[in-house]
Number of protein chains: 2
Amino acid sequence: MNDNVFRAMADPTRRKILDLLKAGPLTAGEIAQKFDSAQPTISRHLSVLKNAQLVADERKGPYIVYRLNTTVVQNWLAWLINNFGGDIRVQQ
Amino acid sequence: MNDNVFRAMADPTRRKILDLLKAGPLTAGEIAQKFDSAQPTISRHLSVLKNAQLVADERKGPYIVYRLNTTVVQNWLAWLINNFGGDIRVQQ
DNA sequence: CTATTATATAGCTATTTAGCTAAATATCAA
DNA sequence: TTGATATTTAGCTAAATAGCTATATAATAG
């Protein structure tokens with residue numbers, strides 16, 4: 001549910017991963033290179049993001065390409081704005 | 001920092017507390033009554049929210065009244081929209 | 001099939017966190 | 001001051017989480 005999104009978002013490394021993916025899809029290896037953590041650590045962060053459906057993955061030969069699931073991100077933001085946004089209104 | 005807000009928001013009980021406070025300030029006891037958890041458990045949730053500055057507290061005699069800190073909530077939302085909102089734009 | 005590369009999973013440890021009960025603190029009435 | 005009420009803090013346990021290394025799986029080249 002939404003809860004997975006909140007928990008996924010609670011970690012700064014995962015938010016950084018999402019930030020990287022804003023510029024376009026990246027392979028798991030490319031993502032891991034941007035961090036100091038070990039590759040399996042980043043792999044697990046990716047699986048948390050995937051579980052929250054904030055990212056989608058697709059195998060491309062030996063690589064697994066991750067992309068931002070903008071729909072889920074935007075739905076989450078819309079939910080937040082509706083629930084905590086007060087008088088914030090979004091331009092269509 | 002922002003990180004405290006994300007972590008505070010990651011718990012469903014705390015989001016529910018914020019939701020209750022949208023309707024107006026409540027005492028710690030009034031908040032605790034709305035939940036099945038023990039009162040000290042809710043007290044600690046309140047302290048997490050306070051630490052993230054999502055709520056403010058003020059003693060009123062024997063009571064401690066909590067209110068939503070709408071400024072911090074809105075700033076957090078604005079940050080989220082700027083960082084993950086894609087084309088979402090907020091009306092001023 | 002074998003070796004290599006890319007990635008995930010298993011299994012462990014240390015840290016964090018949520019929950020509880022019991023005890024401490026603060027306010028106030030008498 | 002004493003007692004009652006409101007709330008927090010301390011101290012504990014159980015569960016979740018992030019990190020690591022080692023191992024397994026998947027794809028592909030030779």
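Nothing here was measured: the structure is a model prediction, and the numbers come from that model. Protein chains get the first letters and strands the later ones, always in sequence-line order, with residue 1 at the start of each. Values reported hereafter were calculated over all heavy atoms of this structure, with side chains retained and with hydrogens, waters and symmetry mates removed.
Look at B:T41 and you won't find any side-chain N or O under 4.0 angstrom from OP1 or OP2 of C:dA18. Residue A:Y66 places at least one side-chain N or O closer than 4.0 Å to OP1 or OP2 of C:dA8. Taking side-chain N and O atoms only, B:H45 has a distance below 4.0 Å to OP1 or OP2 of C:dG19. Side-chain nitrogen and oxygen atoms of B:S43 include none within less than 4.0 Å of the OP1 or OP2 phosphate oxygen of D:dT7. Applying the 4.0 Å criterion to OP1 and OP2 of C:dT7, one finds that A:T27 has a side-chain N or O inside that range.
Between the side chain of B:N69 and the backbone N or O of B:Q53 there is at least one donor-acceptor pair closer than 3.5 Å. Within the 3.5 Å criterion, the main-chain N or O of A:G85 finds a donor-acceptor partner in the side chain of B:Q74. For the pair B:R14 (side chain) and B:R7 (backbone), a donor-acceptor distance under 3.5 Å is present.
Note: CD (B:E58) to P (D:dT7) measures 14 Å, nearest angstrom. The CD atom of A:Q33 sits 14 Å away from the P atom of C:dT5 (whole-angstrom rounding). Atom NZ in A:K50 sits roughly 12 Å away from atom C1' in C:dT9 (whole-Å rounding).
Closest to the A:I64 side chain, of the nucleotides C:dT7, D:dA27, D:dA22, is C:dT7. Side-chain proximity of A:Y63 to the nucleotides D:dT7, C:dT7, D:dC20 is greatest for C:dT7.
Mapped onto DNA chain D by nearest heavy atom, B:P62 and A:I42 fall at different nucleotides, with B:P62 at the one closer to the 5' end.
One can find a donor-acceptor pair under 3.5 Å joining the base of C:dA8 and the side-chain atoms of A:Q39. Put simply, the side chain of A:R44 and the base of D:dA18 share a donor and an acceptor less than 3.5 Å apart.
A distance of 9.5 Å separates CG in B:N75 from OG1 in B:T70, rounded to the nearest 0.5 Å. A:I31 contributes atom CD1, which lies 5.0 Å from atom CG of A:L26 (distance to the nearest 0.5 angstrom).
Under the side chain to side chain contact (heavy atoms under 4.5 Å, CB included) criterion, A:T41 pairs with A:S37, A:A38, A:H45, not counting sequence neighbours.
Less than 4.0 Å separates DNA chain C from at least one heavy atom of each of the following residues of residues 6-19 of chain B: B:R7, B:D11, B:R14.
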